[in-house]
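Everything on this sheet refers to the single structure shown next.
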Amino acid sequence: MILLYALRSALFIAWLALTVVPVALAVLLVSVFVRGNPVYWTCVFWLRLAVSGARLICGVRWRIQGMEHLPTAEQSQSAVILLAKHQSTWETFAFPTLMSHPLAYVFKRELLYIPFFGWAIGRTDMIHIDRSKRAQAWAKVAEQGKQLAARGIWVIMFPEGTRIARGHKGDYKTGGTRLAIETGVPVVPIAATSARCWPRRSFLLRPGVVDISIGRPIPSQGREPAELMREVEGWIEGEMQRLDPEAYAQPAQPRNTALTA
């Protein structure tokens with residue numbers, strides 16, 4: 001069985017490599033003439049190929065609950081800060097394909113050096129930072145985050161800062177809640193069980209279902225960053241235990257939420 005998973009995973013990686021080159025070249029060409037949404041949605045086209053490839057080749061499916069908690073496509077100026085659990089590469093590919101609004105990731109600038117993939121995302125309205133220069137990095141996040149929020153673009157951040165192993169919890173940092181408070185927009189917590197199918201630091205994908213749960217927006221006005229992040233952390237970690245109880249020693253009690261997709 002492991003050999004079969006390895007063969008399917010190798011085919012999936014080959015699919016990523018084969019498709020990223022022409023789409024990245026298209027992004028670079030389009031960005032010569034226009035910027036903004038046309039470039040973003042061209043990148044999302046490749047992400048759809050990636051997520052569909054994981055489903056068709058490796059059997060990685062997904063189901064979502066809580067989409068009704070997000071602004072609709074018609075509410076184009078309704079900005080939010082998405083704060084999500086980060087377990088694997090899968091959700092970084094999937095979230096832009098699932099959301100109605102353009103997303104702006106906050107990511108380390110080293111990703112820009114990846115041939116084709118990095119060149120393409122470098123042409124989008126993302127926030128790339130130098131993690132070794134924390135003060136400068138935060139100033140850039142705050143400045144660009146305010147500009148993006150004013151345009152109705154949703155900033156998405158992973159509060160734990162890196163991919164976390166299944167069943168574990170990282171240190172929740174307050175950058176996302178600080179940005180929300182400065183911009184006055186709500187935060188939306190998201191739980192995702194992607195490590196069930198695609199563990200961190202691994203290219204071996206296993207068939208299964210990734211559960212994604214989107215929480216209700218939490219207002220940021222009048223809040224303190226640390227106190228707001230504790231609320232986000234509590235919701236995400238409680239939801240992770242509900243969605244993936246076998247990964248935790250003491251499963252949380254189920255919540256009364258409906259499956260939306």
Path from L11 to V21 over hydrophobic side-chain contacts below 4.5 Å | yes
For side chain to side chain contact (heavy atoms under 4.5 Å, CB included), just list the numbers for R8 and L205, CA-CA rounded to whole Å, side-chain angles, deciding distance to a tenth of an Å, and then say yes or no.
-> CA-CA 8 Å; R8 294 171 72 177; L205 282 70; over 6 Å; no
Check each of L70, I156, V80 against M99 using the side-chain contact (heavy atoms from CB on, under 4.5 Å) test, and report the only one that passes.
-> L70
Say you draw a straight line from NE2 of H101 to CZ of R151; how long is it, rounded to the nearest 0.5 Å?
-> 13.0 Å
Check whether more than 12 heavy atoms from other residues, nucleotides or ligands sit under 6.0 Å from atom CZ of R216, and answer yes or no.
-> no
Is the backbone N or O of A180 less than 3.5 Å from a side-chain atom of S220, with the two atoms forming a donor-acceptor pair by type?
-> yes
Considering all heavy atoms, the nearest L179-A142 contact = CD1-CA, 4.0 Å
Does T177 reach the side chain of L83, with side-chain heavy atoms less than 4.5 Å apart?
-> yes
Where is the tightest heavy-atom contact between A79 and V185, given as atom of each residue plus distance?
-> O-CB, 3.6 Å
Between W119 and L16, is there a shared hydrophobic cluster once you connect ILVMFWY residues whose side-chain heavy atoms come closer than 4.5 Å?
-> yes
Any donor-acceptor N/O pair, T97 side chain to L47 backbone, under 3.5 Å | no
Report the residue from E91, E239, E237 that forms a side chain to side chain donor-acceptor pair (under 3.5 Å) with K85.
-> E237
Gap separating the CG atom of L56 from the CZ atom of R61, nearest 0.5 angstrom | 12.0 Å
List the atom of R123, the atom of S31, and the distance in Å for their closest heavy-atom pair.
-> NE-OG, 3.0 Å
Considering all heavy atoms, the nearest P217-P186 contact | CB-CB, 4.0 Å
Is a donor on one side and an acceptor on the other found under 3.5 Å between the side chain of R163 and the backbone of S88?
-> no
In sequence, state the C-alpha distance, the side-chain angles, and the governing distance for K140 and H128, and then conclude on side chain to side chain contact (heavy atoms under 4.5 Å, CB included).
-> CA-CA 9 Å; K140 185 173 184 179; H128 48 87; 3.4 Å; yes
Say you draw a straight line from CG of D125 to CG of L103; how long is it, rounded to the nearest 0.5 Å?
-> 12.0 Å
So ring-ring contact (aromatic ring centres under 6.0 Å, His included) across residues 5-61, not counting sequence neighbours, yields F12-W198, W46-F93, W46-F117
Under a 4.0 Å N-O cut-off, is there an ion pair linking R166 with E246?
-> yes
Interatomic distance, T19 atom OG1 to F116 atom CZ [nearest 0.5 angstrom] | 12.0 Å
R206 side chain to R196 main-chain N or O, any donor-acceptor pair under 3.5 Å?
-> no
Enter the distance from R178:CZ to L228:CG here, rounded to the nearest 0.5 Å.
-> 13.0 Å
For W62 and R55, what are the C-alpha separation, side-chain angles and deciding distance, and is it a side chain to side chain contact (heavy atoms under 4.5 Å, CB included)?
-> CA-CA 9 Å; W62 61 91; R55 177 173 58 86; 3.9 Å; yes
Is there a path from L25 to V20 through hydrophobic residues (I, L, V, M, F, W, Y) whose side chains come within less than 4.5 Å of each other?
-> yes
Quick one: salt bridge (Lys or Arg N to Asp or Glu O under 4.0 Å) pairs with a partner in residues 99-120, sequence neighbours left out?
-> R109-D130
Is there a path of hydrophobic side-chain contacts, each under 4.5 Å between heavy atoms of I, L, V, M, F, W or Y residues, that connects I190 with M67?
-> yes
Take R223 and I218 through the test side chain to side chain contact (heavy atoms under 4.5 Å, CB included) and record every step on the way to the result.
-> CA-CA 10 Å; R223 305 290 296 271; I218 304 172; 3.7 Å; yes
Joint cluster assignment, M240 & I164, ILVMFWY side-chain distance < 4.5 Å | no
So, W90 side chain and V51 main chain: donor-acceptor pair closer than 3.5 Å or not?
-> no
Does some side-chain heavy atom of D244 sit less than 4.5 Å from a side-chain heavy atom of D211?
-> no
At their closest point, which heavy atom of C197 faces which heavy atom of V210, and how far apart are they?
-> SG-CG2, 4.1 Å
How far apart are the closest heavy atoms of G145 and I127, and which atoms are they?
-> N-CD1, 4.0 Å
